Each structure stands twice: as C-alpha cells, then as structure tokens.
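So the structure is just underneath, and the comments pick up after that.
Here is how names work: the chains are called A, B, and so on, in the same order as the sequence lines, proteins then strands, and each is numbered from 1. Computed from a predicted model, the values in this text were never measured in an experiment.
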Amino acid sequence: MVDFINELNESQKRAVLHNDSASLVIAGAGSGKTRVLTYKIAWLLQNGFPAYTIMSLTFTNKAAREMKDRIGKIVGPREASRLWMGTFHSIFSKILRREATALGYSSNFTIYDSADSRSLIKDIIKELKLDEKIYKASTVQGRISSAKNSLVTPGMYAANKDLVESDMFAKIPLVRDIYKRYATRCKQADAMDFDDLLLNTNILFRDFPNVLEKYRAQFRFILVDEYQDTNFAQHLIVKQLSGGHGLVCAVGDDAQSIYSFRGANIDNILGFKKNFPGCQIFKLEQNYRSTQNIVDAANSLIKKNKEQIPKNVFSEKEKGEKIQAISAYSDFEEGYLVASKITDLRMRHHDSYNQFAILYRTNAQSRIMEEALRKRNIPYRIYGGLSFYQRAEIKDVVAYFRVIINPNDEEAIKRIINRPARGIGDTTINKLKECANLNNVSLWSVLQDPLRFALPVNSGTAKKLTGFRELMESYIEELPKSTAYQLAESVIKKSGLMTEMYADRTPENLSKQENIQELLSGIHEFCENKQEEGSDEIGLVHFLADISLATDQDTGNDEDQERVTMMTIHAAKGLEFNNVFVVGLEEDLFPSQWAKESERSLEEERRLFYVAITRAGVNCVLTFAKSRFRNGKTDMSSPSRFLNDIDSRFIDLPSENRLVDQVKERAQSFNRSAFGERATSFQSKPATQSFNASSKPVNPFANTPSRPAPTAAANTSGGNFSTHSVSEISDGTSIRHERFGNGTVLSQEGNGDEAKIKVQFDHSGERTLLLKYAKFIIEN
DNA sequence: GGCCGGGGCATTTTT
DNA sequence: TGCCCCGGCC
C-alpha cells in the first residue's frame, strides 16, 4: 500500500481522515483539492468501503476521468473502474435508465441536448401561434430550465404566483403553457433533457421510496466536487441519497462560484452545515500554485464581496512580481502587447508555451488575440466554440443513431427526415407534426401508419415517406445483429449522406468527410476497447449512451505540441499556468454590462475575476483597451472597476503619464486601419495547419491517445500490429500496442477465445486485453 | 422544395 | 463585424 497519507499537509490530512459524519471541505484556489479528493477515496477503498458503495460526483466528465486515473494509480485501475464516478448527469442517467419504467420511460430514452430542446420549444411557440419575437425560444428555455432546476414541474409552475407574475411582467404570460406542452412532448418522444435527468431523479426518489432505499443502501459514501456550482436539484439528490448515513463530503470554494447563470446556487455551499447535521468544516488554505503576491492580490480582490465563508488563503512560495496592468490604445494594440509580452516572458523564463494562457470574458475576444499571436508566429490553441458533436454533419449521423435506438425521438426525426434531401420539405413535415399532435402520438407512429391517422399527403409524398420509414426500419432490424461500428458504416453509406458528401470536393465537404471519418474511427475504437476489455456492450445503444452526455471538453491528449492556451475564464476553472493574461478589463465587458443590475451578479463577476487571477502561478498580466471594436462598431471604454479592487500594494497600474506616452508612441504605428489591412491580407493566406487548432481533427472519444482512422492506420503504419496467441506471450514480455503504446505483460488468464493478458502500459496504466482482439507487436 | 440575400441581433456554458 | 433566421424568388 502506498503511504499517501503522509504526502498531505495537516489540514489536508484531517479532511481526508474525517469520515464518520458529513464534511465540507472549503478548498481555496490551488490548495490541492484534487489531491484531497483522490486520497480520500483511496483511503475509503482501503478501509472497508468497496468501490461500488462510493459515489463521487464531479463537474465535468474530464474531471471524473482524471480523478479515476489518479485513483487507479493508487489502488489499481480495476478497483477504480468500479467507483460510481462521474457528473451528476451521467451517474443519474445510468440510474434512470435502470429505473426508467417506473417513471414511464423506456430504458433507451433519448437525452435531448440544449439545441434539441430549444428547437422543440420553438416548434411549440409556433404551434401556439405566439409571436416568436416576443416569446424567444432561448428565453423560454431558460425559464423552463431554471424551473426544473428548482424542481418546479409544469403544474407547480402554473400554480406559482411569483413565477406567473414574473412572466406577466416580462410580457410572456404563456410560458407555463409552453412548459406544459414541452413536458408532454418530451415524454411522448421518450426523451429527457439535461435538466430532466436531475428533476426525474428527484421524482424517482420522492415517489418510489423503495428505489430510494435501494440506492441509499448501496451508496454509503458520497463525495461532491465543486459544490459551489451545484443547483437545488443536485443538492436535493445528494441530501436524499445520503439520508440514511449522512456520509457526504462536499468540496468546493464559495469564492469560485461562477455558474449562477445556469442555476448554480451559492447558498448550497454557504448553508451546507445547516443541511447536514454533524457536519465538520475543513479549510484548505495553503496555496501551492501561486506566488505570495498573486495570492495576496486575489485575496484583496475577493474581500470586496460581502457573502462568503471566511478563510485565509496563503502561499509560502516566493514573494513574486506584482501583477501588471497594461493599458492599450485599442483592442488591436492590446493583442500586440500581449503577444510581445509572451515573447518577452518566454525569453526570460524559458517557459514552455503550454505555460501561457490568455483568458477573456467573452469568446468574441479571441479573434483579435488570435491574429496578434499568428503575426508573431506564436502557436496557440483556442478552446470553446463548436465542439465535435455540435458540428452539423456529426449531429446528422448521430440523429440517425438516435432514431434507430428510439424512433419516437421527434427532434432526431425532424433532423434527418430530409437529410440528405429526399423531397420531404417543410410542408410535409408540418403536416406530419400537426397530424401527430392531433392524435397525441409521435411522428414515428404517423409514419408507420399514415392512413390510420389520415395524413393529408399525395401519393408521391406518401411514397417518399415510406421510403424513409423503410430505410430506418432496415437499420432497426440490423440493430441487434451489428456492432456499433458496422451499423454506423451502414448508416453513412446507405442513407445517402456519404454520396452527398462526396458529390464534389468543396472545402466544406472535405472537412465534413474528415469529421465523419473521425466519428467512425471513434466508434471503431469504442468497439475495440470494449472487446479487448472482454465486454460485449458494443452495440449502437451502448455507444449512444456513452456519447449523449460526453459533449466533450476533452479534446484529445495532444499535449505533444507546445501552444498558448486561449479560453474564456469560465473554461479555465481548475486549470493553472505559470503565466496568465487576463484581457479586456473594461467596464461593460468585464464586469459585463449585464452584470451590473444587481449586487449579486456583480459579485459573481468579481469571483470570476478571482478565478482568472488565481490561475496564474508566477506572472499575471491584466490588459485593457481604450477603444474596442464590438458589435460592428468601435466603442470607447474605460478601465474596469475591478482594477481598483486589487490592493495597490500588489498591482502595478499604468500611471496616467505613462498611459499618455504609450498612446503617443504607438498611435501611428498601431492604429486600427494599419492593423486592419494587414489582418486582411493575413487572413487570405491559408492558415498554417500547426497554428490552426480548430482545423485539426481531434478524437473526442475515449480516454486513449488519439490516432489515425482505422483505414488510414492500415495503410500507413505498415500493418504490423496484429493479434497473438497465448503461446507467443509470457509474463514480462514487452509489447507495443496499437493505441496504448509500450507495456509489459504482467499476467495471463483464461484459454481460447477467453484468453486475456494483463499489461502494465508505460503511459496508459494497467489494462486487461482480450487476446482475440488486441492488436500489438511483440518487442522481444 | 431549395437557395439567396437582407434585417436583426449580439455573455459566460457543462450536462 | 458576422451569424442566424426569415421571406421572397426560382
């Protein structure tokens, strides 16, 4: 057993070892929170809590995966894989699939993503003949979402005076009707949206005490990370589930609560003690990440907020440099200054580009930074924007998958019924929808028997609809017989999507082909992984369940290339860099113009700034521009009030004099038009592959390093990865696996088709492979 | 039924 | 400015 306990400081140790009542661990920025969580789980595992009795809830899938890996290193990956670790949504979707029938869903229910729900809401607004300018789908979606997050069902919504009044006031009194209809339609489609996963879990636990009892008995210890960003629905789930024993460990930092705009409630952490009797509070206050100056600066900033849990975050690292605030004449110059500063700091400290981050409040700010870095040949990677699964061509294919698994999935049918074009246009689709609504059945039911539901279409259209139905039915028939990969291939080929994509070689089509190839190779990998692990869950159902919630922030592990990171501050939560640039510190941008309505939202902006600063280990640079091009016009802006919130002992603000000098000095050479021209000519050049993060396909699947598509691999890698028999291998044999890299065989078990080997990989941990499928090279 | 162009509109986002 | 959506036209 690893003596990991002694790697902890005193307060970390206390937090890890307290396990006989609820606890709240207030973890200051950079205080080793993940280490505490990891070791606590390892400790529990080694002290009488079997893995399947521990539930550990994280904020993102990526966080769950990383923590599982770390725990696997201590207790072994097999043990770690039995933990119930994941996001609220993924863990409870698993439970809901098991218990679906109790709630009137099937276990293969679809999960609607936010685009699906918005599109459905839009449909409903149209159906109700409401003015779409007044009833904006996104606004209505937001209201419904926050209702669900507060566990308000449609019935409760209509009966709630405050909500109804607030809707009246906002001149959208019929939200309650939309909500009601939305819920009915989701149910009919056998679909849950993201919020439903939490709402329905609560309903399940409320209405089926025996089910609640079952899970209470199973989960004897519950850990929740990032508690400051949980909403009411999540909080109540934790409370319900831990009702029997109260062994909950919540970890978080109220100073880093930045997601209230999507329902997170900071009161969950502020009032935690009240909700969990006997709760012990632990504070992790030593920051191991940043210099004293950065920690002090951040502390002085957050002190301006009223509501918070008192704590004293400190650093014992070197004193460090002051935070530097830089004034720029324009947003263009801001970019230039940041780029110069990066070059400059890199020369002085020999830091890798990976140790640099540019953080901004809004994604729109990334473009100008991008241009500036490109001019200086500084490699970068932009996070955010369209994720792999949001690309149209991927959504199309996935929509086919969804219909195959759940033909009642209305949103998916709407998406693919005429893609590729089969002559089924809006008119027909509207007739279909009307007919389905009239009869209270799904679109698919109407498609199956148009005559019975008296669908008013002519024979030509009827024929086209039948064609579509038969296509889908043929896939449904294939479903039980095929692996996800086989079926996916068949979908892409037989549906005509492929033909359409290869019709001509426009750049758009080429990129689509690339993405589809990437999807296919991801599915292939999914199947191979499962097979090698000896699992037979390789059907499309399993693949779809796997990806429905993996919307992916985890863009592959290609850390191989050094790049500057560019992302929003929200996306930077939990990360750290030696050098951090926070750009656009201007009134109405940061703090955002929307945040000024209430003290509460202004405090959240301040916490956001706190998160930004505390990402920095050594150097923190803040920039602001006097003029900025925004929403199609140039606006003058004044420096952010937040700059004055930092104690002047810890920050170098540009003096007015220097500011004037700067303006004079650079005004001619860096005025907008000069930059504008050069920027244009630059853009017309094709983007260099290595600098263009977004054009490089990344494998969004699985936890394994990405690799070329299977077809390509066969051609380029020489094809010498192959399967091997038991006789070729003994303990200690060195192998090189197609995906996991180099490793050593630890042991063997089983015979024939069941023969497996356990391998310790240098970079991929310990894995069990099924010899029948595993492809590798024997090295000695 | 599909394509093009003009008008309106611009946070943060993971699930 | 750039994207999205709708309406008009082919």
Next on the checklist: Just to be sure I understand the rule, does A:Asp195 reach a base, reach only the sugar-phosphate, or reach nothing, if contact means heavy atoms closer than 4.0 Å?
Outcome noted: nothing

Next on the checklist: For residues 599-608 of chain A, which residue pairs pass the salt bridge (Lys or Arg N to Asp or Glu O under 4.0 Å) check, not counting sequence neighbours?
Outcome noted: A:Asp267-A:Arg600, A:Glu307-A:Arg600, A:Arg361-A:Glu605, A:Glu604-A:Arg607, A:Arg606-A:Asp645

Checklist entry - Could you state the CD-C1' distance from A:Gln141 to B:dT14, rounded to the nearest angstrom? => result 13 Å

Next on the checklist: By the 4.0 Å heavy-atom rule, please label A:Asn418 as base, sugar-phosphate, or nothing.
Outcome noted: sugar-phosphate

Checklist entry - Can you tell me how far P of B:dT15 sits from CZ of A:Arg97, to the nearest Å? => result 16 Å

Using a cutoff of under 3.5 Å, can you pull out all pairs of nitrogen or oxygen atoms linking the protein to nucleotides 9-12 of chain B, with atom names and distances?
residue, atom, partner, partner atom, Å
B:dA10, OP1, A:Lys136, NZ, 3.2
B:dA10, N6, A:Asn631, O, 3.3
B:dT12, OP1, A:Asn363, N, 3.2
B:dT12, O4', A:Arg361, NH2, 3.0
B:dT12, N1, A:Arg361, NH2, 3.4
B:dT12, O2, A:Arg361, NH2, 2.3

Item to check | Nearest to side-chain heavy atoms of A:Arg262, which nucleotide of B:dT13, C:dC6, B:dT15 | outcome: B:dT13

Checklist entry - Could you give the NE2-to-C1' distance, from A:His89 to B:dT13, as a whole number of Å? => result 12 Å

Next on the checklist: Once salt bridge (Lys or Arg N to Asp or Glu O under 4.0 Å) is applied, what residue pairs with a partner in residues 89-100 of chain A remain, sequence neighbours excluded?
Outcome noted: A:Glu99-A:Lys214

Checklist entry - Residues in salt bridge (Lys or Arg N to Asp or Glu O under 4.0 Å) with A:Lys433, at least two apart? => result A:Asp123

Next on the checklist: Heavy atoms only, 4.0 Å cut-off, all strands: where does A:Ser93 land among base, sugar-phosphate and nothing?
Outcome noted: nothing

Checklist entry - What pairs with A:Ala572 under side-chain contact (heavy atoms from CB on, under 4.5 Å), at least two apart in sequence or on another chain? => result A:Leu359, A:Met567, A:Arg615

Item to check | Atom-to-atom span, CG of A:Asp225 to P of B:dT14 - whole angstrom | outcome: 16 Å

Next on the checklist: Checking A:Glu411 now: which residues fulfil salt bridge (Lys or Arg N to Asp or Glu O under 4.0 Å) with it, not counting sequence neighbours?
Outcome noted: A:Lys414

Checklist entry - Does B:dT12 sit syn or anti, given that only angles within 90° of 0 count as syn? => result anti

Next on the checklist: Can you tell me which residue among A:Ile302, A:Asp229, A:Val611 is in a side chain to side chain contact (heavy atoms under 4.5 Å, CB included) with A:Gln256?
Outcome noted: A:Val611

